There are 2 protein chains.
Amino acid sequence: MKSASLATEYHSDRQADDDHELASTCKALGHPVRIRILQFLKRVDRCICGEIVETLPLAQSTVSQHLKILKEVGLVIGEIEGPRTCYCLDKEKLTRLKKLIAGL
Amino acid sequence: MKSASLATEYHSDRQADDDHELASTCKALGHPVRIRILQFLKRVDRCICGEIVETLPLAQSTVSQHLKILKEVGLVIGEIEGPRTCYCLDKEKLTRLKKLIAGL
DNA sequence: ATCGGTTATCGTCGATAGGCGATAAAGCAT
DNA sequence: ATGCTTTATCGCCTATCGACGATAACCGAT
C-alpha cells in the first residue's frame, strides 16, 4: 500500500527513485578518502586492496570499510582472486552518476 | 608546517583541495530531501523558504537545517528580503560541481 | 595440518547527522 | 508598543559515521 504524500506531489515514482539513487551515490562520494580511492582506481585501472591501503594513511580495516561503502552503491567492483580481492571502477555506474548530476 | 604524507604522494595540493571541495559538495547532496530542494529551486528559479516547506513532509526547522547545509557548501544562496528569505540556486557552483564530477 | 599473507568483519568509541518541538529574532502592520 | 508572520537557532534524542585494534575467514604454500 502506497499513499501519495505531499512530498511526491511534483515527482513521479521514477523521479523519486532517481533522487534516492543520486543521493545515496553522492553520500558515498561525500568523503575525501573515497574520492581518492576512485581516482586511484581510475589511474591504475585495477589493483588489489593492499595497494590502496598503501596509498592512504589509514588502517587496513578503515580502508576496507570505505571500499565496502563504494561497493554498496556500485561505484566499485571487487572480485575475489584467490586470497586477495581485486578492485576496479564500475564505469557504467560512474557514467550514470555523471548523467544524473548533469541533469541537476 | 606541512609534511608530505603517503596519502598525498600522487596528489598536488591543488588536487587535494578539489578532492575536499568535491567531497563536501557531494556530502551535501547525500540526502534525498536536499536533492528535492535543488530540483524545486531549479523549477521555480527563486522562492521563499515557506514554499519549500510546503512541498516537503517535514517540520519547518528540519527544512531550515537542510537549507543551511546547502548554503554552507554554496549550492544555494539565501537573500533576506524583509521578514522572509528568498532562496535560489547558485548556478556557478552547480556548474563547478558538474565539472568536478565529469572529471572523475 | 599448520603457517603466512591478505581481506572482511566485529566491537568499541567519540563525533556527526537528522529529526522534532520550542523558542528566539527580525520585519511589517496596526 | 503589540502583535503577526516568517525564518533561524537551540536543545534533545536516536541513529549513523569514521576511526581503530583485534579477530575471523580464506587461500596458497610448505
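A note on names: the letters A, B, ... follow the listed sequences, proteins ahead of strands, and every chain is numbered from 1. Atoms considered below: every heavy atom in the structure, side chains included; atoms not considered: hydrogens, waters and symmetry mates. None of these values were measured; they are calculated from a predicted model.
There is no path of hydrophobic side-chain contacts, each under 4.5 Å, that joins B:Val53 to B:Ile80.
The distance between atom CD of B:Glu54 and atom C1' of D:dT5, rounded to the nearest whole Å, is 13 Å. Residue B:Glu79 contributes atom CD, which lies 19 Å from atom P of C:dA26 at whole-angstrom precision. One interatomic measurement links the two molecules: CD of A:Glu81 to P of D:dG28, which rounds to 11 Å at whole-angstrom precision. The nearest whole Å value for the distance from the CD1 atom in B:Ile69 to the P atom in D:dT7 is 18 Å. The distance from atom CD1 of B:Ile37 to atom P of C:dG18 is 12 Å, rounded to the nearest whole Å. For the pair A:Ile80 CD1 and D:dA25 P, the interatomic distance rounds to 15 Å; values are reported in whole Å. Between A:Leu56 atom CG and C:dT7 atom P the separation is 14 Å, expressed in whole Å. A:Arg34 places its CZ atom 9 Å from the P atom of D:dC17, with the value rounded to the nearest Å.
Backbone-only engagement by A:Leu58 is indicated by non-hydrogen atom pairs under 4.0 Å involving sugar-phosphate atoms exclusively. As judged by a 4.0 angstrom heavy-atom cut-off over every strand, A:Ile48 is placed among residues touching the sugar-phosphate backbone only.
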For nucleotides 8-11 of chain D, print each protein N/O atom paired with a nucleotide N/O atom at under 3.5 Å, atom names and distance only.
from: D:dA8; atom 1: OP1; to: B:Tyr87; atom 2: OH; distance (Å): 2.5
from: D:dA8; atom 1: OP2; to: B:Ser64; atom 2: OG; distance (Å): 3.1
from: D:dA8; atom 1: OP2; to: B:Tyr87; atom 2: OH; distance (Å): 3.4
from: D:dA8; atom 1: N7; to: B:Gln60; atom 2: NE2; distance (Å): 2.8
from: D:dA8; atom 1: N6; to: B:Gln60; atom 2: OE1; distance (Å): 2.9

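In this structure the side chain of A:Ile77 never reaches within 4.5 angstrom of the side chain of A:Leu89, judged on heavy atoms. Here the side chains of A:Glu54 and A:Val63 are not in contact, with every heavy-atom distance at 4.5 Å or above. Considering only heavy atoms from C-beta on, B:Val44 stays 4.5 Å or farther from B:Glu51 through its side chain. Side chains of A:His20 and A:Asp17 form no contact here, defined as non-hydrogen atoms less than 4.5 Å apart. Taking 4.5 Å as the limit, every side-chain heavy atom of B:Thr62 sits out of range of all side-chain heavy atoms of B:Val33.
The side chain of A:His66 contributes no N or O atom lying less than 4.0 Å from OP1 or OP2 of D:dC17. The phosphate of C:dC28 (OP1 or OP2) has no side-chain N or O of B:Arg84 nearer than 4.0 angstrom. Remark: A:Lys27 is in phosphate contact with D:dC17, judged by side-chain N or O atoms under 4.0 Å from OP1 or OP2.
Every residue meeting the side-chain hydrogen bond (donor to acceptor under 3.5 Å, both in side chains) condition with B:Glu81, not counting sequence neighbours, appears here in chain and number order: B:Arg46.
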